[in-house]
Amino acid sequence: MITGKNYIGNELSSKGKVTYKTINPKLNTENEWQFTEATEAEIDAAAQKATEAFAVYKQKSDKERAAFLRAIGKEIEALGQPLIDAYTSESGLPEGRAMGERGRTIGQLNAFASLLEQGDWVDATIDKGNPERTPAPKPDLRKMQIATGPVAVFGASNFPFAFSTAGGDTASALAAGCPVIVKSHPMHAATGELVSSAVIKAAEKTGMPDGVFSNLNSKGISVGEQLVKHPAIKGVGFTGSIKAGKALVQLGANREEPIPVYAEMGSINPVVILPEALKANGESWAQKYAGSINMGAGQFCTNPGLILGIAGAELARFGKHLAASLGEQPANCMLHPNIHSAYESGKQQMLDAEGTEVLAVALEAEGANDGKPALVKVTGDDFLANGNLHSEVFGPFSMLVACASKAQLLEVLNELEGQLTGSLIAETTEVAAYEDVIDALRSRVGRILFNGVPTGVEVCPAMHHGGPFPSTSDAKFTSVGNDAIYRWVRPVSYQDWPQELLPDALKDGNPLGILRKVDGAYIKA
């Protein structure tokens, strides 16, 4: 049942007077549910509950927190078809995507549960003391990671499950031992409330403290701003636009007690396609990239928005094949009328920009909010001369840049801002001649692909979903995979503590049986 209220810990609340509804972008009409904007008092109540919960929750064992995460996954699954229906009604995305993303979300929760059950994530490091050392005794030092405190998570528009209410930010923060307050995304508030009910039910079933999770509704920006400024909040997770992400980073930095804001923002995900690869498989790569550009109406943070090559007959043929393949792609419904409008505006600016050649642009679509794919081509000279061409167009749009030479290709790469991904399409025999190009590409990205498409982000320990600014606010951290937990912890060293008073992770006997670094060697003994 969708109430339209805010979850303040385990309690539903609707003290505010401002209400709003979500949109069904497929039908281009309002959904039936009405949501109440959280008030300042409700924000403060959620923060106070989170602070009180933290005192209890951080003492829970890894296995207890793992049981909580697994229970959340089961409760999400138990919501059944009503959850899928809410997702599709609020996003315009098909049912298959909803079910796949739900599976990924549950998989993320279970992955962090497995990480906790293994226990090694605390990075236990022991340097044993030596009282006989001269000229000064060596102290006994033992270090591990501990939770920082309540975390604010902002739901993402383009992933109502996997990057929102119980998505990767929430799962990793709860795994670390941090209570979470979600600022629900206004485009899918009903989906968020249903998932919140699953989290609350799981918390109650596994004996987690009231306030370990809250969900606040808001259509505007004031609730998010108040949440980031609240002294109880010790960290922020955000996925969205560069403008909003930068604003939150500034809010976090300007507090009396500054806090980190881990923001995943814009990315055009450059693709470098080398000459021999064009000769060998140009048409095949064109077909693959047409599908990648248009996948999910281009609403992926890893959408390939920029394709770079060296001008010539092969690149020209590739452009024609890519345009033809993209022209065969259907126009898919975008997430919201506002997102559709922004896409059409951004696309038109690119189509009208000086020096751009329009290779493909769909003119018709069935639905009012369908994103019509487009492809433009520019020379390397024009790309370098016009910084506006470097901007992301969020949707099924891409730009082909024909560089005059390898030297200009290198120059273009060095001019790019930080990106989440970079892809190299090449024959292995030609790679050695382009090591400087590959190094330039690697310097701009957090994940570099060889002969693949960037859409699709595997959830696993080796994944790094982050990159140099402005793709993220801190390139050292990932928002996907097990290492996402390290955003919400900090190291603490214990010096000369008695064995019986140390955390189990640092005791000589290693009662948890975890992998530890002892006097420079990794052992489980």
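The first residue of the sequence shown is numbered 1, and numbering continues consecutively from there. What you are looking at is a predicted structure, and each value in this text was computed from that prediction instead of being measured.
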Taking atom types as modelled, is there a side-chain donor on Ser292 or Thr455 under 3.5 Å from an acceptor on the other? yes

Partner set under ring pair (Phe, Tyr, Trp, His ring centres under 6.0 Å) for Tyr486, not counting sequence neighbours: none

Counting C-beta onward and ignoring hydrogens, is there a side-chain heavy-atom pair between Thr88 and Leu93 closer than 4.5 Å? no

Quick one: closest heavy-atom pair of Leu413 and Ala440, and the distance? CB-CB, 4.0 Å

Can you name the one residue among Asp474, Asp169, Thr478 that meets side chain to side chain donor-acceptor pair (under 3.5 Å) with Arg487? Asp169

Does one side chain, of Thr191 or Glu90, offer a donor that lies under 3.5 Å from an acceptor on the other? yes

Of all the heavy-atom pairs spanning Pro231 and Arg255, show the shortest one and how long it is. O-NH2, 3.8 Å

If you count the non-hydrogen atoms of other residues, nucleotides and ligands that lie under 6.0 Å from CD1 in Ile221, is the total more than 12? no

Just by modelled atom types, is the Asp85 backbone N or O under 3.5 Å from a matching donor or acceptor in the Ser89 side chain? yes

Between Gln419 and Ser471, do the side chains contain a donor N or O and an acceptor N or O under 3.5 Å apart? no

Residues Asn31 and Thr22: side-chain donor-acceptor under 3.5 angstrom: yes

Using modelled atom types and a 3.5 Å cut-off, is there a donor and acceptor pairing between side-chain atoms of Tyr343 and backbone atoms of Pro396? yes

Tell me whether the count of non-hydrogen atoms from other residues, nucleotides or ligands lying under 6.0 Å of CZ in Arg490 goes above 12. no

Checking the side chain of Glu430 only, and the main-chain atoms of Ala277 only, is there a donor and an acceptor separated by less than 3.5 Å? yes

Could you please spell out the steps behind the salt bridge (charged side-chain N to carboxylate O under 4.0 Å, His left out) verdict for Lys234 and Glu257? CA-CA 9 Å; Lys234 303 303 179 185; Glu257 177 199 356; 2.9 Å; yes

Apply side chain to side chain contact (heavy atoms under 4.5 Å, CB included) to Tyr262 and Ser479, showing your working. CA-CA 8 Å; Tyr262 299 105; Ser479 61; over 6 Å; no

State whether Tyr434 and Lys406 meet the cation-pi test: NZ (Lys) or CZ (Arg) under 6.0 Å from the six-membered ring centroid, and within 45° of the perpendicular axis. yes

Side chain to side chain contact (heavy atoms under 4.5 Å, CB included) assessment of Arg102 paired with Glu77: CA-CA 8 Å; Arg102 180 183 63 183; Glu77 186 79 38; 3.9 Å; yes

Between Asn217 and Glu37, is there a side-chain heavy-atom distance shorter than 4.5 Å? no

Side chains of Trp285 and Phe318: closer than 4.5 Å at any heavy-atom pair? yes

Minimum heavy-atom separation for Val489 to Trp121, with atom names? CG1-CZ3, 3.7 Å

Does a side chain donor of either Thr472 or Glu264 reach within less than 3.5 Å of an acceptor in the other side chain? no

Atom CD1 of Ile448 and atom CZ of Arg442: how far apart are they, to the nearest 0.5 Å? 6.0 Å

Side-chain heavy-atom pair Leu375, Val361 within 4.5 angstrom cut-off: no

Could you tell me the separation between the NZ atom of Lys219 and the CE atom of Met187, rounded to the nearest 0.5 Å? 10.0 Å

Would you please classify the geometry between the Phe159 ring and the Phe163 ring as parallel, tilted or perpendicular, with 30° and 60° separating the classes? tilted

Atom CG in Asp382, atom CD in Glu354: separation rounded to 0.5 Å? 7.0 Å

Between Leu416 and Pro270, is any pair of side-chain heavy atoms under 4.5 Å apart? yes

For the residue pair Val180 and Ala173, what are the closest heavy atoms and their distance? CG2-CB, 3.6 Å

Identify whether the distance between the nearest side-chain nitrogen and carboxylate oxygen of Glu417 and Arg444 falls below 4.0 Å. no

Which heavy atom of Thr170 sits nearest a heavy atom of Ser164, and at what distance? OG1-O, 3.8 Å

Within the side chain of Asn24, is there an N or O that forms a donor-acceptor pair under 3.5 Å with the backbone of Glu30? no

Does Val412 offer a backbone N or O that forms a donor-acceptor pair with the side chain of Glu415 under 3.5 Å? no

Shortest non-hydrogen contact from Ala171 to Leu109? CB-CD2, 3.7 Å

I'd like to know if the side chain of Thr148 reaches the main chain of Trp488, judged simply by a donor and an acceptor atom lying under 3.5 Å from each other, with no hydrogens or angles considered. yes

Using side-chain heavy atoms (C-beta onward) and a distance below 4.5 Å, is Glu193 in contact with Trp33? no

His464 ring center near Phe477 ring center (under 6.0 Å): no

In Å, rounded to the nearest 0.5 Å, how long is the span from CD1 of Ile268 to OG1 of Thr302? 13.5 Å

Val182 vs Val199, side chain to side chain contact (heavy atoms under 4.5 Å, CB included): CA-CA, chis, key distance, verdict: CA-CA 11 Å; Val182 169; Val199 179; over 6 Å; no

Do side-chain atoms of Arg104 reach the backbone of Glu458 as a donor and acceptor pair under 3.5 angstrom? no

Leu308 side, atom CG; Leu410 side, atom CG - distance, nearest 0.5 Å: 11.5 Å

Are the side chains of Asn451 and Leu424 in contact, using a 4.5 Å heavy-atom criterion? no

Taking Ser267 for the side chain and Leu420 for the main chain, is one N or O donor matched with an acceptor at less than 3.5 Å? yes

Report yes or no: do Gln408 and Asp381 form a side-chain donor-acceptor pair below 3.5 Å? yes

Centroid-centroid under 6.0 Å between Phe161 and Tyr87 rings: yes

Would you say Val376 and Leu359 make side-chain contact, with heavy atoms under 4.5 Å? no

Please determine whether a side-chain nitrogen of the Lys or Arg among Glu101 and Arg97 lies less than 4.0 Å from a carboxylate oxygen of the Asp or Glu. yes

Quick one: pull up OG in Ser325 and CG in Asn294 and give me the separation to the nearest 0.5 Å. 11.5 Å

Output yes when a side-chain donor or acceptor of His340 lies under 3.5 Å from a complementary backbone atom of Cys333, and no otherwise. no

Check: Gly395 main-chain N/O paired with Asn303 side-chain donor or acceptor under 3.5 Å: yes

Starting from the C-alpha separation in whole Å, work towards a yes-or-no answer on side chain to side chain contact (heavy atoms under 4.5 Å, CB included) for Asn369 and Asn28. CA-CA 7 Å; Asn369 295 309; Asn28 207 30; 3.0 Å; yes

